[in-house]
Amino acid sequence: MPEPSPLPPSTGPALAIRDVGLVRDGRHLLRGIDWVVEPHQRWVVLGRNGSGKSSLMRIASLYLHPSHGTVDVLGERLGRTDVRRLRTRIGLASAGMADLLRPDLTATDVVMTAKNAALEPWWHRYDDDDRERARRCLAEVAMAPYADRTFGSLSSGERQRVLLARTLMTEPGLLLLDEPTAGLDLEGRETLVGGLAALAARPGTAPIVLVTHHVEEIPAGFTHGLLLHAGTIMTSGPLEQVLTADALSSCFEMDLGLERRHDRWWAWGRT
């Protein structure tokens, strides 16, 4: 398989979605989505099951074309660019991705194959520099001691940290994290959230978009929020303006309390 040629660096928004809609079997899964992610921003996307979060992330990661509207990622327009090249500039991690990876791959191989947005090391050629780069990425998320362990032998939390390291392999221009804490126990969740907070604070980190159901999983240092409800954006903007008890209650259709302690958010049902 020929390796894609590199993309030039982008100087504009990392992600610009304009008037995007998605229709499947006559149902509007997304409608009128306008959203721009600028460099240095850290976004959290919140919404109920079925609100359209996963569809929005599949469009942003170039694995799904919208029914209408435009999608620009790192200065390249979906439908007018080679998505194989562009995907190598997007760091993508999700709970479901773990199921796509062969369990006997080492953690290093899982990270290294992100260079070509691939799942298997034999699909492309890699050298010692690539392997060393993968090990450095593992070290950035405190997984260096597990570099030679097989992916299948790791705990759920450890696998998610490997996938987070994978997003860093190509020095991406955009990080998309789709429910990375799904299925983790308390220790695994808090370790990953702490790692995301450290990543968000690191100079030079690409813009981050984190999708979650739970405000407790918003890491410190995240700057912006988007509330998605029934396929439309209810509100978006700076996190402290967007994340209110009233807005969250409307988004999740229940009476919720909300407070912030120790640079973390907490929500609870009031009925």
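The basis for the numbers below is simple: all heavy atoms, side chains too, and nothing from hydrogens, waters or symmetry mates. Being a predicted model, the structure only gives us computed values, none of them experimental. Starting from 1, each residue takes its place in the sequence as its number.
Side-chain atoms of D34 come within 3.5 Å of backbone atoms of D19 as a donor-acceptor pair (strictly under, hydrogens ignored). A donor-acceptor pair is defined here as one N or O able to donate and one able to accept, closer than 3.5 Å; such a pair exists between the side chain of R87 and the backbone of L62. S61 places a side-chain N or O within donor-acceptor distance of the main-chain N or O of R58, the cut-off being under 3.5 Å. In this structure, the side chain of R189 does not engage the main chain of L184 through any donor-acceptor pair within 3.5 Å. Between the side chain of D130 and the backbone N or O of D127, at least one donor-acceptor pair lies under 3.5 Å. Using a distance-only test at 3.5 Å, with no hydrogens or angles considered, a donor-acceptor pair links the side chain of T88 to the main chain of R85. A donor-acceptor pair under 3.5 Å links the side-chain atoms of S249 to the main chain of L256, judged by distance alone.
When side chains are defined from C-beta on, L119 does not count as touching T113, because their heavy atoms never get closer than 4.5 Å. Side chains of E158 and S153 form no contact here, defined as non-hydrogen atoms less than 4.5 Å apart. Between R161 and L192, some side-chain heavy-atom pair lies under the 4.5 Å cut-off. In this structure the side chain of L78 reaches within 4.5 angstrom of the side chain of V83, judged on heavy atoms.
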Side-chain donor/acceptor pairs under 3.5 Å, residues 225-239, sequence neighbours excluded:
unit_1 : atom_1 : unit_2 : atom_2 : d
H229   : NE2    : E253   : OE2    : 2.7
T232   : OG1    : H229   : O      : 3.0

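Between E240 and R260, at least one side-chain nitrogen of the basic residue sits less than 4.0 Å from a carboxylate oxygen of the acidic one, meeting the salt-bridge criterion. A salt bridge links D148 to R135: at least one charged side-chain nitrogen sits closer than 4.0 Å to a carboxylate oxygen. Of the charged side-chain nitrogens involved, none lies within less than 4.0 Å of a carboxylate oxygen, so that R27 and D25 do not count as a salt-bridged pair. Ion pairing between D72 and R77 holds under the 4.0 Å rule for side-chain N and carboxylate O.
If you chain together hydrophobic residues whose side chains sit under 4.5 Å apart, L100 and M169 fall into the same group. When the side chains of ILVMFWY residues are joined at heavy-atom separations under 4.5 Å, either directly or via intervening members, V23 and V20 end up in two distinct hydrophobic clusters. Neither V44 nor V193 shares a network with the other; the hydrophobic side chains, linked directly or stepwise wherever heavy atoms of I, L, V, M, F, W or Y lie under 4.5 Å apart, form separate groups for each. Taking hydrophobic clusters as Ile, Leu, Val, Met, Phe, Trp and Tyr residues chained together by side-chain heavy-atom distances below 4.5 Å, I208 does not share a cluster with V36.
The CD atom of E216 sits 9.5 Å away from atom CD of E190, with the distance rounded to the nearest 0.5 Å. Rounding to the nearest 0.5 Å places CE of M143 at 9.5 Å from CG of L163. The distance from atom CG of L199 to atom CG of L196, rounded to the nearest 0.5 Å, is 6.5 Å. From E76, atom CD reaches atom CG of L86 across 6.0 Å, with rounding to the nearest 0.5 Å. Note that the CD atom of E132 and the CE atom of M112 stand 12.0 Å from one another [nearest 0.5 Å]. The line from CG of L56 to CG of L64 is 10.0 Å long, rounded to the nearest 0.5 Å.
Between H213 and L46, the shortest heavy-atom contact is C-CD2, 4.0 Å. Counting all heavy atoms, side chain and backbone alike, P172 lies closest to I90 at CB-C, 4.2 Å. Across all non-hydrogen atoms, the minimal contact from A142 to P145 is O-CD, 4.3 Å. The two atoms that bring T212 and E217 nearest to each other are OG1-OE1, 2.6 Å, heavy atoms only. V162 and V111 make their closest contact through O-CG2, 3.7 Å (heavy atoms, listed as atom of the first residue, atom of the second, distance). The shortest heavy-atom contact between L22 and P66 is CD1-CA, 4.2 Å.
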Could you check L210 against I218 for side chain to side chain contact (heavy atoms under 4.5 Å, CB included), going step by step and ending with a plain yes or no? CA-CA 8 Å; L210 169 68; I218 301 174; 5.5 Å; no

Step-by-step side chain to side chain contact (heavy atoms under 4.5 Å, CB included) determination, M57 to V209: CA-CA 9 Å; M57 286 304 98; V209 176; 3.9 Å; yes

Could you walk me through whether R89 and T170 pass side chain to side chain contact (heavy atoms under 4.5 Å, CB included), step by step? CA-CA 6 Å; R89 295 290 321 286; T170 60; 5.8 Å; no

Please walk me through it: do F151 and R102 pass side chain to side chain contact (heavy atoms under 4.5 Å, CB included)? CA-CA 8 Å; F151 191 65; R102 188 157 46 89; over 6 Å; no

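Side-chain atoms of Y126 and D109 form no donor-acceptor pair, as typed in the model, at a separation below 3.5 Å.
By the neighbour-count criterion of 12 heavy atoms within 6.0 Å, atom CZ of R31 is sparsely surrounded, having that number or fewer from other residues, nucleotides or ligands.
Among pairs with a residue in residues 242-271, none fulfils ring-ring contact (aromatic ring centres under 6.0 Å, His included), at least two apart in sequence or across chains. Every pair passing ring-ring contact (aromatic ring centres under 6.0 Å, His included) that includes a residue from residues 40-81 is listed here, sequence neighbours excluded: W35-W43, W43-H224.
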